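Here is the structure we will look at.
Here the structure is a predicted model, which means the values were calculated and not measured.
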Number of protein chains: 2
Amino acid sequence: MPAPERTSLDEIAAAALELLDEGGLGALTMQAVATRVGVRAPSLYKRVADRTALVERVFLACAAELDAVMRAAAERAGSDGGDRIVAIVVAARDYAHASPHRYHLIFGGVVTDADPAALERSAEPIVAACRALVGPDRALDAARTVTAWAQGFLLMELSGSFRLGGDVEQAFLRGARWIADALVADRDQRLP
Amino acid sequence: MPAPERTSLDEIAAAALELLDEGGLGALTMQAVATRVGVRAPSLYKRVADRTALVERVFLACAAELDAVMRAAAERAGSDGGDRIVAIVVAARDYAHASPHRYHLIFGGVVTDADPAALERSAEPIVAACRALVGPDRALDAARTVTAWAQGFLLMELSGSFRLGGDVEQAFLRGARWIADALVADRDQRLP
DNA sequence: ACCTGAACACCGTTCAAGT
DNA sequence: ACCTGAACACCGTTCAAGT
């Protein structure tokens with residue numbers, strides 16, 4: 001009774017990510033993953049509790065990736081708070097266009113019970129930029145406004161919900177500016 | 001060969017809506033619908049092309065319902081453009097809380113090939129309020145900003161994505177005000 | 001003209017049997 | 001200790017056979 005290992009958790013996760021990129025979450029089936037790593041579906045359950053756990057693992061990897069992208073954009077941007085927020089959401093849009101299925105997995109609301117600590121960390125770049133802009137008291141409200149808008153816009157853009165014509169990129173940049181300027185105005189109004 | 005009709009398209013659609021409300025889109029299976037209307041699953045295909053068509057039918061009914069809710073809120077609100085937008089998104093939030101699965105169906109991005117005319121009509125209340133506020137040139141960009149933010153916020157709220165504490169309702173109202181005020185400021189800046 | 005059981009091609013998942 | 005085929009409970013969908 002030897003026991004030759006024919007695959008690994010990392011290989012399984014990599015195959016799952018490939019399938020997500022190629023055909024969305026619907027294409028990420030246990031059978032497809034098994035085929036790709038050269039094994040039968042039941043064998044996957046030696047390394048992964050069930051499909052939900054595998055999807056969550058891919059979700060966390062994608063969330064960490066987007067987090068890194070936004071952090072890098074925030075650092076590249078100047079010290080101006082408004083510009084920083086615009087730079088972060090533009091980076092998020094680039095990511096959404098480059099990896100639409102990953103973006104959809106992160107924000108589509110399918111994964112709901114993921115590690116809270118990882119989620120807090122990935123929200124941090126925007127919270128930090130908002131804190132610098134509007135102060136600690138309103139930082140959370142501001143971050144929720146920015147995140148909700150960007151995530152909502154990009155999900156609508158990816159799913160083709162903008163059917164009334166017009167320049168979608170311009171709408172995005174203008175929206176980013178409106179929100180950033182509103183936060184600046186809120187601060188200026190309170191600190192005369 | 002008589003032909004007793006044991007159900008109807010309306011009854012099928014009503015059962016589908018009930019199942020959506022009770023357990024989300026995942027509970028809306030052809031078998032569950034069939035059981036509820038007192039028929040076997042294959043019989044449904046006499047009235048409905050396939051599950052996608054049935055889901056789309058429910059989707060259109062929900063979109064029309066939300067549309068009516070937002071129109072009523074817009075009419076109830078005063079003539080002030082900013083207040084009107086706030087009233088519309090607050091009405092959308094009430095709807096999302098009262099019928100979370102319907103709201104998720106409308107904006108969750110599952111239905112993607114629905115009747116474009118119905119979608120344009122349902123976007124109209126917000127476009128009209130934005131037109132009154134920022135003029136025709138920027139009305140579409142403004143409506144996209146408002147819709148993306150509201151839809152993103154409510155989807156995140158429904159899926160429990162706001163895990164950092166704080167008052168979520170306050171964040172919503174403050175976000176609505178920030179965006180409405182940004183649109184007013186944009187107009188005032190252009191028309192001195 | 002509608003309804004049905006049986007069947008098919010898929011899912012995810014379990015488990016006893018192989019090595 | 002890992003892998004497998006067979007099996008189970010679900011899906012959506014098709015279709016020949018019933019009335």
*Select one nucleotide: of C:dG12, D:dT13, C:dC3, the one nearest the side-chain heavy atoms of B:T7.*
C:dC3

*Among the candidates C:dT13, D:dC3, C:dC11, find the nucleotide nearest to the side-chain atoms of A:D50.*
C:dT13

*Is there a donor-acceptor pair under 3.5 Å between the side chain of B:R84 and the backbone N or O of B:G78?*
yes

*Of all the nucleotides listed (C:dC11, C:dT13, C:dC3), which has the minimum atom distance to the side chain of A:A41?*
C:dT13

*Grab the NZ-P distance between B:K46 and D:dT14 for me, whole Å please.*
12 Å

_Check ion pair B:R47-B:E5 (N to O, under 4.0 angstrom)_ = yes

*Check every atom of D:dT13, C:dT13, D:dC11 against the side chain of B:T29 and return the nucleotide holding the closest atom.*
D:dC11

*OP1 or OP2 of C:dG12 less than 4.0 angstrom from a side-chain nitrogen or oxygen of A:R51, does that happen here?*
yes

*Is the distance from OP1 or OP2 of C:dC3 to the nearest side-chain N or O of B:R47 less than 4.0 Å?*
yes

_Per-nucleotide pairing state of DNA chain D [Watson-Crick or G-U, under 3.5 Å; [ ] pseudoknot-crossing; | other strand]_ = ||.|||||...|||||.||

*For B:S43 and C:dC2, is the shortest distance between a side-chain N/O and OP1 or OP2 below 4.0 Å?*
no

_Separation of atom CG in A:L19 from atom P in C:dC11, rounded to whole Å_ = 11 Å

*asked:* By nearest atom, which of the nucleotides D:dG5, C:dT13, D:dG12 is closest to the A:R40 side chain?
replied: D:dG5

*Could you give the distance from CG (A:L119) to CG (A:D67), rounded to the nearest 0.5 Å?*
10.5 Å

*Specify the separation, in whole Å, of atom CG of B:L44 and atom P of C:dT4.*
10 Å

*Using 4.0 Å as the upper bound for N to carboxylate O, is an ion pair formed by A:R177 and A:D83?*
yes

*Given D:dC15, D:dG12, D:dC3, which nucleotide is nearest the side-chain atoms of B:P42?*
D:dC15

_If I compare all heavy atoms of B:I88 with all of B:A129, which pair ends up nearest, and what's the gap?_
CD1-CB, 4.1 Å

*Write down the distance between CG (B:L54) and C1' (D:dT13), rounded to a whole number of angstrom.*
14 Å

*Any idea which of C:dG12, D:dC3, C:dT13 is nearest the A:R6 side chain?*
D:dC3

*Mind listing the closest non-hydrogen atom pair of A:M30 and A:L44 along with its distance?*
O-CD1, 3.2 Å

*Nearest heavy-atom neighbours spanning B:A96 and B:L154*: CB-CD1, 4.2 Å

_Could you check whether A:R57 pairs with A:D10 (Lys NZ or Arg NE/NH1/NH2 to Asp/Glu carboxylate O, under 4.0 Å)?_
yes

*What does A:S8 touch in the nucleic acid at a heavy-atom separation under 4.0 angstrom: a base, only the sugar-phosphate, or nothing?*
nothing

_Nearest-Å distance for atom pair OH/C1', residues B:Y45 and D:dT13_ = 5 Å

Using nucleotides 16-18 of chain C, report all nitrogen or oxygen pairs with the protein that are shorter than 3.5 Å.
none

*asked:* Whole angstroms only, please: what is the CD-P distance between B:Q31 and D:dC11?
replied: 5 Å

_Given C:dC2, D:dT4, D:dG12, the nucleotide with the shortest approach to the side chain of B:E5_ = C:dC2

*With a 4.0 Å cut-off on heavy atoms, is B:T52 in touch with a base, just the backbone sugar-phosphate, or nothing at all?*
nothing

*In terms of side-chain geometry, is the basic nitrogen of B:R36 or B:E11 positioned less than 4.0 Å from the acidic oxygen of its partner?*
no

*Counting N and O atoms only, with roles assigned by atom type, does the side chain of A:R190 sit under 3.5 Å from a partner on the main chain of A:V134, one being a donor and the other an acceptor?*
yes

